[in-house]
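In what follows, a single structure is set out as structure tokens and then discussed.
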Amino acid sequence: GWGLAIAALLWVLYQGKRLIGKPEPALVGATVGRLIRGMLLVQAACAAVVPQGWPVALAILCLWPVSAILARHFYAS
């Protein structure tokens, strides 16, 4: 659980760093979409807190590539 929580935090910090200064509106929109997708990491971390939740966490993580594909076709924010 902690590993996923740290990964989620690092994801937010990495994406937030992209917004420092005066980013272009297109970058802001794309970054917000990535931050929304990062919620999958948070949900997986919450599921992995208990040993019985690991299968759920893995299933959620398997949805990460699906969310990336769908993000190309649908506006997330």
| request: Nearest 0.5 Å please: distance from the CD1 atom of Ile36 over to the CD atom of Gln15. | output: 11.5 Å
| query | Which atom pair, heavy atoms only, marks the closest approach of Leu27 to Arg18? | reply |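 In terms of heavy atoms, the two residues are closest at CD1-NH2, 3.0 Å.
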| message | For Ala57 versus Ala47, what's the shortest heavy-atom pair and its separation? | response |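 Reported closest heavy-atom pair: N-CB, 4.0 Å.
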Could you check if a side-chain atom of [X] sits within less than 4.5 angstrom of a side-chain atom of [Y], using non-hydrogen atoms only?
X     : Y     : value
Arg34 : Tyr14 : no
Pro23 : Thr31 : no
Phe74 : Ile69 : no
Leu41 : Leu61 : yes

| Val42 and Trp11: side-chain contact (heavy atoms from CB on, under 4.5 Å), yes or no, with the steps? | CA-CA 10 Å; Val42 174; Trp11 180 258; over 6 Å; no
| message | Would a single hydrophobic cluster contain both Leu4 and Met39, if residues Ile, Leu, Val, Met, Phe, Trp and Tyr are joined by side-chain heavy-atom contacts under 4.5 Å? | response | no
| query | With hydrophobic residues grouped by side-chain heavy-atom distances under 4.5 Å, do Trp64 and Trp54 end up in a single group? | reply | yes
